[in-house]
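One structure is given below, encoded as structure tokens.
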Amino acid sequence: GTFEPFAFATWQTHFITQVLPTSPRLENAGIRATGSSSIPVKFKANAGLNWTGGRYRAGWTMQYYGAYFTADPKVATNAAALLAQGNGGKVEAQAYHDVYAGYQFSRDGRTAGGWRAAVAGAEVRFGLRNLFDKMPPVDVTRGGYYYSALGEPRGISYHLTIKRTF
């Protein structure tokens, strides 16, 4: 079989905004934007491994999101939100894992008739998202939800994909 590893990462050293030319420049990297779901985390990464062996396929993927502040710790009016969050005002880093396995039917069955013709060239894939059923960490500033928007609150989920081209 063939193994195909992959890895991608982003390190955001700065994310500076300035509303008006006369207003101060604000560093937003690693700080959840107030009143927004935007979270420019300083570090995030994806890694995985795909395997193909004949008609069989399998794979694993991991998504990682670094810790971030729930509000800007340099702004005095954010002290209550940072204190309520705990952990120094930070939402902890989080990682999620997904896996899949699949099978691709032969294209030769198109002329065979019956069920072989119906599945010829089709690919069937079964997978699990959030394999370890990890709940996202608490983010007290995300009103109404109170969990990190980067996570999956539904926990583990299953998917079945059947793909066939004509």
Would you confirm whether [X], through its side chain, and [Y], through its main-chain N or O, come within 3.5 Å as a donor-acceptor pair?
| X | Y | result |
| --- | --- | --- |
| E152 | P136 | no |
| N78 | P73 | no |
| D72 | K74 | yes |
| R164 | A118 | yes |

Does [X] sit in a hydrophobic cluster with other residues, and if so which ones, taking ILVMFWY side chains as linked at heavy-atom separations under 4.5 Å, directly or through other members?
| X | answer |
| --- | --- |
| V19 | L20 |
| Y145 | Y147 |
| L82 | I31, F69 |
| L83 | none |

request  = Indicate, with yes or no, if I16 and V75 share a hydrophobic cluster defined by side-chain heavy-atom contacts under 4.5 Å among Ile, Leu, Val, Met, Phe, Trp and Tyr.
outcome  = no

message = Minimum heavy-atom separation for A95 and M62, please, with both atom names.
response =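 Reported closest heavy-atom pair: CB-SD, 4.2 Å.
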
Over 12 non-hydrogen atoms of neighbours within 6.0 angstrom of OH in Y56 =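 Counting neighbours around OH of Y56, 12 or fewer heavy atoms of other residues, nucleotides or ligands fall under 6.0 Å, so no.
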
ask   = How far apart are the C-alpha atoms of D139 and Q85, what are their side-chain angles, what is the distance that settles it, and do they pass the side chain to side chain contact (heavy atoms under 4.5 Å, CB included) test?
value = CA-CA 7 Å; D139 181 342; Q85 177 65 33; 4.2 Å; yes

Kindly compute the distance separating [atom1] ([X]) from [atom2] ([Y]), expressed to the nearest 0.5 Å.
| X | Y | atom1 | atom2 | answer |
| --- | --- | --- | --- | --- |
| W60 | L131 | CH2 | CG | 11.0 Å |
| N28 | H14 | CG | NE2 | 12.0 Å |
| K134 | H97 | NZ | NE2 | 7.5 Å |

Test of understanding: with side-chain hydrogen bond (donor to acceptor under 3.5 Å, both in side chains), list the residues that count as partners of [X], not counting sequence neighbours.
| X | value |
| --- | --- |
| W11 | none |
| Y64 | none |
| H159 | none |
| S157 | none |

request  = Begin with the C-alpha distance, continue with both residues' side-chain angles, and end with the deciding distance and a verdict on side chain to side chain contact (heavy atoms under 4.5 Å, CB included) for F8 and T10.
outcome  = CA-CA 7 Å; F8 305 96; T10 302; over 6 Å; no

Side chain to side chain, L128 and F126, heavy atoms closer than 4.5 Å =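 They are in side-chain contact.
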
remark   = With sequence neighbours left out, the residues meeting salt bridge (charged side-chain N to carboxylate O under 4.0 Å, His left out) with D98 are none

ask   = Is it the case that R32 places NZ or CZ above or below the six-membered ring of Y68, under 6.0 angstrom from the centre and within 45 degrees of the axis?
value = no

Output every pair passing salt bridge (charged side-chain N to carboxylate O under 4.0 Å, His left out) with a member in [range], not counting sequence neighbours, ordered by first then second residue.
| range | answer |
| --- | --- |
| residues 47-57 | R57-E123 |
| residues 7-16 | none |
| residues 20-31 | none |

inquiry  = side chain to side chain contact (heavy atoms under 4.5 Å, CB included) for T161 and Y100? Distances and angles first, verdict last.
reply    = CA-CA 10 Å; T161 305; Y100 76 89; over 6 Å; no

query = Do we see a donor-acceptor contact under 3.5 Å between the side chains of Q94 and Y96?
reply =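 Yes, a side-chain donor-acceptor pair sits under 3.5 Å.
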
